*Asks:* 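This is the structure, below, for whatever I ask next.
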Amino acid sequence: MEKNLEILRHSASHIMASAVKELYPDAKLGIGPAIEDGFYYDFDVEKPFTPEDLKRIEDKMKEFIEKDYPFEKIMMKREEAKKFFSEKNEIYKVEILNEIEDEEVSIYKHNGFYDLCRGPHVSSTGEVKFFKLLDVAGAYWRGDEKNKMLQRIYGTAFFTKEELEEFLKKREEAKKRDHRKLGRELEFFSIHPEEAGPGLIYWHPKGSIVRSIIEDLWKKAHLENGYQLIYTPHIAQEKLYEISGHLKNYSEFMYSRMLIDDVPYRIRPMNCPGHILIYKTKIHSYRELPLRYAELGTVYRYEKSGVLHGLLRVRGFTIDDAHIFVQKENVSEEVIRVLDFSISILKAFGFEDFKLYLATRPEEKFIGEIEDWEKAENALKEAIERAGLDYEIDEGGGAFYGPKIDVKVKDALGRLWQCSTIQFDFNLPERFDVFFINKEGKEERPYLIHRAIFGSIERFFGVLIEHYKGAFPFWLAPVQVRVLNITDDVLDYAKNVYERIKKSGIRVELDSRNITLNKKIRESEMEKIPYTVICGKKEKEKGNVSIREYGRGDRGSISFDEFLKRILQENKNPTLTV
RNA sequence: GCCGGCGUAGCUCAAUGGCAGAGCAACGGAUUUGUAAUCCGUAGGUUGGAGGUUCGAGUCCUCUCGCCGGCUCCA
């Protein structure tokens, strides 16, 4: 974010806090920073704020802005500041002060409102002209669920009215793209929380056809890139997860045991142990490495009810998984290869921008030696750097068995979505005693790379829906062409056109209902079908079809053969760069 | 899981504590139409679920399930 905008928003958060203190004097202050889309301030209040309160606070803010109070910076000795905020009963400010090491701290003041703050601020409240309070939400003090929950008010501020309006418009736009709404309207999928359980996806025919196109492309790309496809079962005896360490380190996400012939089984939360079992069925030579097993593996994980979200966060999902057994000295090279492969596939689906994150060892809940972790983290880092990609460090964000690289894609609205993940693992090979025979004829331990490109098919589909607003490119669209007849007189011709398109392998539908042309067009357009083909008397006479392209309206009349040639050309899958 | 908001027909939404309604969709009929909604009719509901208050509950209270916005977490 631009520095000045950050200052403006931070100032807005102070004005909001002062308004809250005026209206609710007992509210204790938490923190109130500027964030990417605006700002927030946390308050400890007896009663949570209501939307009506928000309006009152906003009005009070406007009043303060009108009065144009100057912001003043006051320097205070830390101990003095502690005393100052203790007397005001601002316990959270005191807590922050206890952790500040500087001898002197700055405090910003306007209209009798004092806040511990590094600053800087705009010179007076009157500079914050275009703002809006957006939402109230609970938020744990310091983001820790063990702490008290405070009430957070979100808002945003801009320098101009136009920018504010554009921001609000973009929010509306995002709502229209919501994959949950589009998923229902376009009959892609449904969720049946009451009857079947929350977080479980039912793929309807329209969604399923898109999924199968995605999966077909994925399979073909993997076979061409040195992977072997496998299938493994969805349940396994508990002892498999004892060996893998999931039971110890991942049980909070695993569903409870079921007994089969008195033997405890679990439904799988990950696919890795199964892949390792296949690897271990024979002795492998270093010549076979890197050995790459890929599976569209469906897993089930317990996710807390409050985090479930459409297709993006679910309880049962299919990972486009692969496990690569690789010699230590080839790890970096293999990671680069995987990164290139991932990005090439994501690009095929129309994503251009990516952001990489290197996630390091978690504070608690990790297995293996710290030294190995550091080595692995360096190997991943080297791979990213050698591939020439920008990245950020996600401190403590690794899986329990190793560090990872996450790839997020940027969608049409500039939002980031987590897709690919490349995870480094030196623990499972140890636990399962995985080895290969090296050049010297000795047993050697390989490293294991877990990786997914889409992440989960469900999530990726959700991201695709939002990216394309449900209007998929021709090759991905569930229905690619809809043929409309204008009257029953030309139904035979329309049927003929439909049959010939269908025979060529294009996904086509015929709308022969006896309703107005306008109505048929409207429906075809609302279903976001790429081509609507209209057959009337004029077309029949010439062997033509009239074409409507989704979102572009009437594109005129061309011969059927020409149209067929065109859509067959357009139907080819995008080519991969790897 | 936590905080707040919300659950009425397939969808979008009405209904002061007093007869559960509309539009779209569905179904039936008329209409044979040239680039985004033809007209008429029919049917559709234990108001998420269970208790309670009341002469009377969609509306008020309690519990519960679920959804939405956040927090925490995450493929």
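Keep in mind the model is a prediction, meaning the values are calculated, not measured. Worth knowing before you read on, the calculation uses all heavy atoms, side chains too, and leaves out hydrogens, waters and symmetry mates.
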*Asks:* From the list B:C3, B:G34, B:U31, which nucleotide is the closest neighbour of the side chain of A:Ile534?
*Replies:*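 So the nucleotide nearest the side chain must be B:G34.
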*Asks:* Is there side-chain contact between A:Asp321 and A:Val299, with heavy atoms separated by less than 4.5 Å?
*Replies:*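 The answer is no; the side chains never approach within 4.5 Å.
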*Asks:* For A:Asp554 and for A:Ile319, locate the closest nucleotide of RNA chain B by heavy-atom distance; then report the residue assigned to the nucleotide nearer the 5' terminus.
*Replies:*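 Final value for this comparison: A:Asp554.
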*Asks:* Does B:U38 have a Watson-Crick or wobble partner in any strand here, with both distances under 3.5 angstrom, and which is it?
*Replies:* B:A30
*Asks:* So which nucleotide from B:C3, B:A37, B:A75 ends up closest to the side chain of A:Arg313?
*Replies:* B:A75
*Asks:* Quick one: look up who B:C63 pairs with, Watson-Crick or G-U, both distances under 3.5 Å, and put none if it's unpaired.
*Replies:* B:G49
*Asks:* Kindly confirm or rule out a cation-pi arrangement of A:Arg9 over A:Phe39, judged by NZ or CZ under 6.0 Å from the six-membered ring centre and within 45° of its axis?
*Replies:*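 Not flagged: A:Arg9 not positioned over aromatic ring of A:Phe39.
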*Asks:* For A:Phe317 and B:A75, do the ring centres fall under 5.5 Å apart while the planes stay under 30° apart?
*Replies:* yes
*Asks:* A:Asn514 has a side chain; which of B:G34, B:U31, B:A75 sits nearest to it?
*Replies:* B:U31
*Asks:* Of the listed nucleotides (B:G34, B:A37, B:A75), which one gets closest to any side-chain atom of A:Lys519?
*Replies:*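 So the nucleotide nearest the side chain must be B:A37.
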*Asks:* Could you work out which one of B:U35, B:A75, B:G34 sits closest to the side chain of A:Lys538?
*Replies:*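 The listed nucleotide nearest to A:Lys538's side chain is B:G34.
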*Asks:* Can you identify which nucleotide, out of B:A75, B:U33, B:U12, has its nearest atom closest to the A:Lys404 side chain?
*Replies:*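 The listed nucleotide nearest to A:Lys404's side chain is B:A75.
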*Asks:* Where the side chain of A:Ile521 is defined as all heavy atoms beyond and including C-beta, which of B:G34, B:A75, B:A36 is the nearest nucleotide?
*Replies:* B:A36
*Asks:* Considering only nitrogen or oxygen atoms on both sides, find all protein atoms under 3.5 Å from nucleotides 60-70 of chain B and state each distance.
*Replies:*
residue, atom, partner, partner atom, Å
B:C65, O2', A:Glu194, OE1, 3.3
B:C68, OP1, A:Arg180, NH1, 3.0
B:G69, OP1, A:Arg180, NH1, 3.4
B:G69, OP1, A:Arg180, NH2, 2.7
B:G69, OP2, A:Arg180, NH1, 3.2
B:G70, O3', A:Tyr154, OH, 3.2
B:G70, N2, A:Gly138, O, 3.4

